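Residue numbers start at 1 and run along the sequence shown. This one's a predicted model, so the numbers in the text were calculated from it and none came from an experiment.
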Amino acid sequence: MAMTSLTELDDDTVRSMSIGAVFSEFGGKINSIDFHRKDDLLVTASEDDSVRLYDIASAKLLKTTFHKKHGADRICFTHHPSSVICSSTYNLDSTGESLRYLSMYDNRCLRYFKGHKERVVSLCMSPINDSFMSGSLDHSVRIWDLRVNACQGILRLRGRPTVAYDQQGLVFAVAMEGGAIKLFDSRSYDKGPFDTFLVGGDTAEVCDIKFSNDGKSMLLTTTSNNIYVLDAYGGEKRCGFSLEPSPNTKIEATFTPDGQYVVSGSGDGTLHAWNINTRNEVSCWNSHIGIASCLKWAPRRAMFVAASTVLTFWIPDSSKSTVEPRPMDVEGSAPSENVS
């Protein structure tokens with residue numbers, strides 16, 4: 001699989017994306033995936049209790065570890081290329097070990113983090129230090145430090161919390177019940193949110209938040225498979241897209257590294273890409289793997305990864321012919337705004 005470094009993306013390059021590698025050795029659904037920020041590495045956590053590490057430049061599986069006692073649900077890289085944080089699927093009541101700091105290098109658990117009473121549904125690492133955050137079905141967000149066992153801070157809230165740091169690590173966002181997005185200063189979150197955005201008209205819970213690399217935009221995916229791009233400073237909705245519903249499976253959407261495109265899965269097993277500036281759909285592909293519940297674009301590559309029970313690497317195919325994009329009726333495709 002020929003890997004290309006990321007230069008300027010354009011509609012033609014995005015439209016030419018196609019499957020360059022397939023990994024089908026999973027014994028169940030892939031729960032989450034994460035790219036390392038600097039190294040060409042991808043990690044997956046799956047229903048078969050496996051954590052798998054891939055070299056994305058050579059499209060090779062480097063390592064597989066199994067975690068039968070705790071399971072493998074949410075996963076994210078730390079700053080070290082062979083260390084990850086993984087949330088547990090099993091034994092939360094008996095052990096309380098909801099989060100583990102794992103070394104993939106020698107298959108050791110470096111630290112357990114206890115506190116959440118129910119499953120962790122959102123997990124993210126600070127881009128600038130050893131802090132990380134977890135949101136759980138126990139209606140709390142916890143802030144941790146890799147170097148110490150004890151929780152550093154707790155935010156209690158209504159609904160299913162979803163968390164994300166901005167790319168500078170200065171701000172984090174927490175989504176909660178009723179489509180409210182609260183922004184916190186990561187150095188003084190105990191003072192409460194400094195801003196609150198409302199996704200007007202959509203009462204579905206936000207199941208994923210991502211900031212664009214330049215920090216200017218925020219990408220929200222809801223449980224009803226609506227996607228919104230918000231201005232990260234003022235909260236205004238820049239555009240919105242509706243996907244086919246997937247009642248028992250959450251989809252994921254992703255920015256491209258330049259923040260100019262959004263790619264998403266859909267309930268009908270397709271993948272879609274939109275140009276945020278023109279609001280046009282640039283491409284629609286058959287995912288070939290059913291509903292893609294995990295989807296992320298690589299930080300420094302012209303590449304994205306889509307996963308269901310199968311993992312696929314997508315790269316540009318220079319032989320692909322050009323197809324004209326079809327415009328999206330943005331206002332018609334998303335719920336109305338300005339509902340408090």
When you measure from the side chain of [X] to the backbone of [Y], do you find a donor-acceptor pair of N or O atoms at a distance under 3.5 Å?
X: Asp145; Y: Ser131; value: no
X: His272; Y: Glu281; value: no
X: Thr78; Y: Ser83; value: yes
X: Asp39; Y: Leu41; value: no
X: Thr162; Y: Ile209; value: no
X: Thr312; Y: Ile19; value: no
X: Ser136; Y: Arg119; value: yes
X: Ser16; Y: Thr13; value: yes
X: Asp166; Y: Val171; value: yes
X: Arg111; Y: Leu146; value: yes

- Message: For His116, run the side chain to side chain donor-acceptor pair (under 3.5 Å) check against Ser134, Ser98, Ser88, Ser87 and tell me which one passes.
- Response: Ser134
Answer whether the closest heavy-atom distance between the side chains of [X] and [Y] falls below 4.5 Å.
X: His288; Y: Val22; answer: no
X: Ile85; Y: Arg100; answer: no
X: Arg279; Y: Cys239; answer: yes
X: Arg238; Y: Leu230; answer: no
X: Ser212; Y: Met218; answer: no
X: Lys210; Y: Glu252; answer: yes

- Worked verdict on Lys182 versus Asp195 for side chain to side chain contact (heavy atoms under 4.5 Å, CB included): CA-CA 6 Å; Lys182 295 189 181 290; Asp195 212 345; over 6 Å; no
- Given Val51 and Thr64, is the side chain to side chain contact (heavy atoms under 4.5 Å, CB included) satisfied, shown in steps? CA-CA 6 Å; Val51 172; Thr64 304; over 6 Å; no
For the rings on [X] and [Y], is their centre-to-centre separation under 6.0 Å?
X: Tyr112; Y: His70; result: yes
X: Trp274; Y: Tyr261; result: no
X: Phe113; Y: Phe132; result: yes

Are [X] and [Y] linked by a side-chain donor-acceptor pair shorter than 3.5 Å?
X: Ser287; Y: Trp285; result: no
X: Asp49; Y: Tyr90; result: yes
X: Asp258; Y: Asn213; result: no

- Message: I'd like to know whether Asn31 forms a side-chain hydrogen bond (donor to acceptor under 3.5 Å, both in side chains) with Arg74, so could you lay out the CA-CA distance, the side-chain angles of the two residues, the decisive distance to 0.1 Å, and finally the verdict.
- Response: CA-CA 7 Å; Asn31 291 323; Arg74 302 285 101 198; 5.3 Å; no
Applying the 4.5 Å side-chain criterion to the ILVMFWY set and letting contacts propagate, would [X] and [Y] be lumped into a single cluster?
X: Ile33; Y: Phe77; result: no
X: Phe211; Y: Met133; result: no
X: Val141; Y: Val121; result: no
X: Ile291; Y: Val262; result: yes
X: Phe26; Y: Met104; result: no

- Note on the structure: Only residue of Thr196, Leu220, Val174 satisfying side chain to side chain contact (heavy atoms under 4.5 Å, CB included) with Ile181 is Leu220
Salt-bridged, [X] to [Y], with N to O below 4.0 Å?
X: Asp40; Y: Arg300; answer: yes
X: Arg147; Y: Asp130; answer: yes
X: Asp185; Y: Lys191; answer: no
X: Lys216; Y: Asp231; answer: no

Closest heavy-atom contact between [X] and [Y]?
X: Ile289; Y: Ser308; result: O-OG, 2.7 Å
X: Cys86; Y: Gly71; result: SG-O, 4.3 Å
X: Ile143; Y: Phe172; result: CD1-CZ, 4.3 Å
X: Ile227; Y: Ala253; result: CD1-CB, 3.8 Å
X: Ser126; Y: Tyr165; result: N-CE1, 3.5 Å
X: Gly269; Y: Asn286; result: O-OD1, 3.8 Å

- Would you check, one step at a time, whether the test side-chain hydrogen bond (donor to acceptor under 3.5 Å, both in side chains) holds for Ser224 with Thr222? CA-CA 5 Å; Ser224 57; Thr222 72; 3.0 Å; yes
- Mark yes when over 12 heavy atoms from residues, nucleotides or ligands other than Phe194 sit less than 6.0 Å from its CZ; otherwise mark no. yes
- Just jot down the side-chain hydrogen bond (donor to acceptor under 3.5 Å, both in side chains) partners of Asp268, sequence neighbours excluded, or say none. Ser266, Thr270
- Task: Begin from the C-alpha positions of Glu244 and Asn225 and carry the test side-chain hydrogen bond (donor to acceptor under 3.5 Å, both in side chains) through to its verdict.
- Result: CA-CA 7 Å; Glu244 291 296 319; Asn225 288 4; over 6 Å; no
- Please step through side chain to side chain contact (heavy atoms under 4.5 Å, CB included) for the pair Asp73 and His67, ending with a clear verdict. CA-CA 10 Å; Asp73 196 355; His67 304 267; over 6 Å; no
- Item | Nearest-0.5 Å distance, CD1 of residue Ile75 to CG of residue Leu123 | 8.5 Å
- Message: As an exercise, state the distance from CZ of Phe241 to OG1 of Thr221, rounded to the nearest 0.5 Å.
- Response: 11.5 Å
- Working for side-chain hydrogen bond (donor to acceptor under 3.5 Å, both in side chains), residues Asn226 and Ser242: CA-CA 5 Å; Asn226 289 317; Ser242 285; 2.6 Å; yes
- Message: Out of the candidates Phe304, Phe35, Phe23, Trp297, only one should pair with Phe313 under the ring-ring contact (aromatic ring centres under 6.0 Å, His included) rule; please name it.
- Response: Phe23
- Among all residues two or more places apart in sequence or in another chain, which pass the salt bridge (charged side-chain N to carboxylate O under 4.0 Å, His left out) test with Arg108? Asp106
- For side chain to side chain contact (heavy atoms under 4.5 Å, CB included), just list the numbers for Glu205 and Met176, CA-CA rounded to whole Å, side-chain angles, deciding distance to a tenth of an Å, and then say yes or no. CA-CA 7 Å; Glu205 287 185 308; Met176 54 192 77; over 6 Å; no
